[in-house]
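Note sheet for the following structure.
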Protein chains: 2
Amino acid sequence: MRKYEYISNEMRRRIREEYYSADQPIPDELSLAKEFDCSRMTMKRALDILVSEGMLYRKRGHGTFIIKSSIHDLPVSVTDRENLGLTKLLANKQIESSIIQFDVEFPSNEVAKRLSIEKNVPVYHIIRLRKVEGEPYVIEKTYMPSNLISELNEEVLHGSVYRHITETLKLTIAGSHRKIRADKPTELDRKYLECAYDDPVLEVEQVAFLNTGEPFEYSFARHRYDKFVFSSVHIRK
Amino acid sequence: MRKYEYISNEMRRRIREEYYSADQPIPDELSLAKEFDCSRMTMKRALDILVSEGMLYRKRGHGTFIIKSSIHDLPVSVTDRENLGLTKLLANKQIESSIIQFDVEFPSNEVAKRLSIEKNVPVYHIIRLRKVEGEPYVIEKTYMPSNLISELNEEVLHGSVYRHITETLKLTIAGSHRKIRADKPTELDRKYLECAYDDPVLEVEQVAFLNTGEPFEYSFARHRYDKFVFSSVHIRK
DNA sequence: CAGTGGTCTAGACCACTAC
DNA sequence: TAGTGGTCTAGACCACTGT
């Protein structure tokens, strides 16, 4: 494991277990670096992670402090830093995926543009309903280029596409761009999410990339408004 | 200006102006470091920023590449990295703020907890309607501790509270935690946002912190669903 | 003033990729 | 194997804070 990761994990554990008093600054970077037998840069990098998680804040010339409200807050909802797919995110819940549509087609202009592919590259067009503990949770409409994501079949779609990508195809997911908006329910939403005419849906539009920079997924996830909150931590630089 | 910021800006400009071919890796870090007369670490840090913006991706052992779709995408909507307040965000638009409520009160348990203050510390309780180019845009319900954010008055509320905080009070905003959800419109929403019974709203709940780690704002911004999209870039580490 | 974090350097070695 | 990015070091100086 990388040194800065190990140190970061250890410091996170200490803070959660209140090893350090939340009323005082934690030890300064040089002392911690000595304790962990690393350079100050590496110590700094380890603490940077906790700062970006909203667990610590720094005051130049003064010290590094614990953000009290962070200690007992465990992030239960989907965050900004995660990009896992439902299966891993709600690993302890019973998840069911039913396939509403599973086609191969030529991409529209919009889809081709988002996936950075030519219009003659076939794309999978998948619509799935995901249920959590038997309750409808989200409808996902997904486009994936067939040349990149191969061997997709109904068995995979009933389970986890993300696991297929990372474990079977040995690809590495690098990140995504997302847009989040509220919308009125479509007929499809009402039917499958079992929502009323005046129940809003929360839509997450996403383009996800591999570590090669190639977009492998363009998707719209439409969530029941009463079952999904998108969380985000923003730290100004 | 910091060296890595300058370099980062220059590289962003070059990429946008297609100084580098998008089909090839950009020059390696050591060459760029020589060109910019900096160490490789500093060059790396400058490029890190562009990677986190979704403009570049790296392939270890291979090089650093431009994400094509990023070149012409200008971020028009609110992003994850911004925390500015409307006034600065839409600086070229005509923004009008009307005050629906402006009170001082003792905080509820929930508000006291979010702002990390005692229940005997008075908080401002503000409701504003923000209009952009004459059209209703968002209703903001905001709680701010009166001991931290002082000298708040109607004049400030008609303009920019963020400017008041940064310029008049000389405080530094460090970041925020946000939750985004869809909701049905309340009576207040319908009245001021001029939306129908079945028009959803997009709610952004936010706790914003100063660089001292003290929360200074707990707010709910309720947006018309047809006028607001929340954007987010997520890069896996 | 002493002590803190912010930036930057000039190197080193390692892990991975393409050839 | 050569070239790339990823990590890490041991220092340096600077900017800012509180006393």
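Throughout, a chain's letter reflects where its sequence line sits, starting with A, and its residues are numbered from 1. Quick caveat, the model's predicted, so the values are computed rather than measured.
- Nucleotide D:dG3 holds its P atom 17 Å from the CG atom of B:L32, rounded to whole Å.
- Aromatic pair B:F216/B:Y218: ring centres not closer than 6.0 Å.
- The NE2-P distance, from B:H62 to D:dA2, rounds to 18 Å in whole Å.
- Here the side chain of A:R60 is nearest to one of D:dG5, C:dC8, C:dG5, namely C:dG5.
- One finds no side-chain N or O of B:K3 lying less than 4.0 angstrom from the OP1 or OP2 phosphate oxygen of C:dG6.
- The structure places OH of A:Y19 at 11.5 Å from CD1 of A:I26, a figure rounded to the nearest 0.5 Å.
- For D:dT7, one of the phosphate oxygens OP1 or OP2 lies less than 4.0 angstrom from a side-chain nitrogen or oxygen of A:Y4.
- Of the residues A:R181, A:R178, A:K141, the one that meets the salt bridge (Lys or Arg N to Asp or Glu O under 4.0 Å) test with A:E205 is A:R181.
- Distance from the side chain of A:S39 is smallest to D:dA10 among C:dG5, D:dT4, D:dA10.
- Listed candidates were D:dG6, C:dT7, D:dT4. Nearest to the side chain of B:D28 is D:dT4.
- Here the nucleotide nearest the side chain of A:E29, chosen from D:dG6, C:dG5, D:dT17, is C:dG5.
- Checked by atom type and distance alone, the side chain of B:H223 never pairs as donor or acceptor with a backbone atom of B:V138 at under 3.5 Å.
- In terms of polar N and O atoms assigned as donor or acceptor, the side chain of A:R40 comes within less than 3.5 Å of the base of C:dG6 in a complementary pairing.
- Atom CG in A:L30 sits roughly 13 Å away from atom C1' in D:dA12 (whole-Å rounding).
- In this structure, B:R58 atom CZ and C:dT17 atom C1' are separated by 16 Å, rounded to whole Å.
- The interatomic distance linking A:Q24 (CD) with D:dG18 (C1') rounds to 16 Å, in whole Å.
- At whole-Å resolution of the value, CD1 in A:I26 and C1' in C:dT4 are 12 Å apart.
- Note: A:Y57 and A:F65 have parallel aromatic rings, judged against thresholds of 30 and 60 degrees for the angle between ring planes.
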For this session: Quick one: do B:L47 and B:M11 satisfy side chain to side chain contact (heavy atoms under 4.5 Å, CB included)? Show the steps, please.
Result: CA-CA 8 Å; B:L47 294 180; B:M11 289 299 294; 4.2 Å; yes
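- Side-chain contact check for A:L56 versus A:I66: some heavy-atom pair is nearer than 4.5 Å.
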For this session: List the steps and the verdict of side chain to side chain contact (heavy atoms under 4.5 Å, CB included) for A:R14 and A:Y20.
Result: CA-CA 7 Å; A:R14 288 188 185 179; A:Y20 297 117; 2.7 Å; yes
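- At a threshold of 4.5 Å between non-hydrogen side-chain atoms, the residues A:E140 and A:V161 do not count as touching.
- Residue A:E29 forms a salt bridge (Lys or Arg N to Asp or Glu O under 4.0 Å) with just one option from A:R60, A:R45, A:R40, and that option is A:R40.
- The side chain of B:T64 lies closest to D:dG5 when the candidates are D:dG5, C:dG5, C:dC8.
- Spacing between atom OH of A:Y57 and atom C1' of C:dT4 amounts to 14 Å, rounded to whole angstrom units.
- Following rounding to the nearest Å, B:Y6 (OH) and C:dG6 (P) show an atom-to-atom distance of 25 Å.
- The listed nucleotides are D:dT7, C:dA18, C:dA10; the one nearest the side chain of A:R2 is D:dT7.
- The overall bend of the helix from C:dC1-D:dG18 to C:dA18-D:dT1, read as the angle between its terminal helix axes built from five base pairs each, is 10° when rounded to 10 degrees.
- Both A:M41 and A:G61 lie near DNA chain D, and the one whose nearest nucleotide falls closer to the 5' end is A:M41.
- Considering only side-chain N and O atoms, B:T42 lies under 4.0 angstrom from the phosphate OP1 or OP2 of C:dT9.
- Across residues 43-50 of chain B, B:K44 each have a non-hydrogen atom less than 4.0 Å from an atom of DNA chain D (numbered order).
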